[in-house]
Amino acid sequence: MNEPDPGSFSYGEAAPTYANPYQDQMSSALDAIQNRGSYESQYGGDISSLLEGLQNQQPFSYDPKTDPQWGAYAKQYRREGQRATADTLGQAATMSGGIPSTAAMTAAGQAGDYYAARLSDKLPELAGQAYERHQGDFSNKLAILNELQRMDESDYQKFIDETGLDFDTLTALMSLSDQDYSRHQDRLGQYNTDKTFGYNQYLDSLDWDRDRETIDRTQKNYEGEQALAKGQYDKEMSLEKAILAAEQLGDTSLLRKLLGL
């Protein structure tokens, strides 16, 4: 049987092991951040088109020939001018027996000129309406652009907030993980302290057993030496007594017995 020694120490309790309970959640949060990618605007194309249109929009100019309203008024006033001219000539012919006079011709011309003047008077009004349409179109496009930019900024802020939330989640999980690992380190440190204490107790026990064995062995050696010395002393005393008895009393029986004679 092998004698116990320091190398044979065995601590009954196993050392605590560590498995991070937040590892899967941290991996998922990190994947969410890495897979989110960069922000892509769903309004980018429309915003670019509107900006380009506003930047390239020509300054206001008015050409009545291209204005449908001017064309409509021109037809109306020409028609009314022609009718007024015809009515004036007709009335003059009736009064003059069918032969238009110079005065009738002048009156007819004035009636036509009246409607031509009325058409000219419409020009500033129609130009003003065209300017309002031009400005209204610019304002509408600008309003649409502002709204698209607002929605784009809202989407971007939402993207930033969601990305920030992913980072906050990962940071919180990492903090929990650090705290949990710190508690594990504390448990491991306590385990090592307890194990070292147990090992020192084991060494103390070995030293105590060795000290007791040494004391017992020394005691036995001492007792043996004392017994041997006592035996030797007893033999010497018996021999002296036998010699004394032979010399003083002439009794040699004890001496012969001791000498085996």
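Small disclaimer: the values here were computed from a predicted structure and weren't measured.
A salt bridge does not link K158 to D161: none of the charged nitrogens lies less than 4.0 Å from a carboxylate oxygen. Ion pair D137/R133 not flagged as a salt bridge, since none of the NZ, NE, NH1 or NH2 atoms sits closer than 4.0 Å to an Asp/Glu carboxylate oxygen.
Remark: the backbone N or O of G45 is paired with a side-chain donor or acceptor of S49 at under 3.5 angstrom. A donor-acceptor contact shorter than 3.5 Å links the side chain of T193 to the backbone of G189. N200 places a side-chain N or O within donor-acceptor distance of the main-chain N or O of T196, the cut-off being under 3.5 Å. The backbone N or O of G44 lies less than 3.5 Å from a partner atom in the side chain of S48, making a donor-acceptor pair. With N192 contributing its side chain and L188 its backbone, the two residues share a donor-acceptor pair below 3.5 Å. One N or O on the side chain of Y191 and one on the backbone of E13 form a donor-acceptor pair closer than 3.5 Å.
One distance of note links CD of Q42 with CG of D155; it measures 5.0 Å at 0.5 Å rounding. The line from CD1 of I33 to OG of S28 is 11.5 Å long, rounded to the nearest 0.5 Å. To the nearest 0.5 Å, the span separating CZ on R36 from OG1 on T163 amounts to 4.5 Å. Here L145 contributes atom CG and D152 contributes atom CG; the two are 10.5 Å apart, rounded to the nearest 0.5 Å. Expressed to the nearest 0.5 Å, how far CG of L165 lies from CD1 of I160 amounts to 12.5 Å. Separation of atoms CD1 (I47) and CG (L50) is listed at 8.0 Å; rounding is to 0.5 Å.
Every residue meeting the side chain to side chain contact (heavy atoms under 4.5 Å, CB included) condition with N20, not counting sequence neighbours, appears here in chain and number order: Y18, Y22, Q23, M26, S177. With sequence neighbours left out, the salt bridge (Lys or Arg N to Asp or Glu O under 4.0 Å) criterion links E153 to no other residue. Every residue two or more places apart in sequence or in another chain was checked for a side chain to side chain donor-acceptor pair (under 3.5 Å) with Y131, and none qualifies.
The shortest non-hydrogen separation linking Q58 to H134 is O-NE2, 3.2 Å.
Residue D24 places its CG atom among 12 or fewer non-hydrogen atoms of other residues, nucleotides or ligands, all under 6.0 Å distant. Other residues, nucleotides and ligands contribute over 12 non-hydrogen atoms within 6.0 Å of the CE atom of M151.
If you check the side chains of Q190 and D194, you find a donor sitting under 3.5 Å from an acceptor.
F159 and Y39 have tilted rings, their planes meeting at an angle from 30° to 60° on a 0 to 90° scale. Ring geometry for F60 against Y62 counts as parallel: the plane angle stays under 30°, on a 0 to 90° scale with 60° as the upper cut.
When hydrophobic clusters are built by joining Ile, Leu, Val, Met, Phe, Trp and Tyr residues whose side-chain heavy atoms come closer than 4.5 Å, directly or via intermediates, Y156 is not grouped with Y43.
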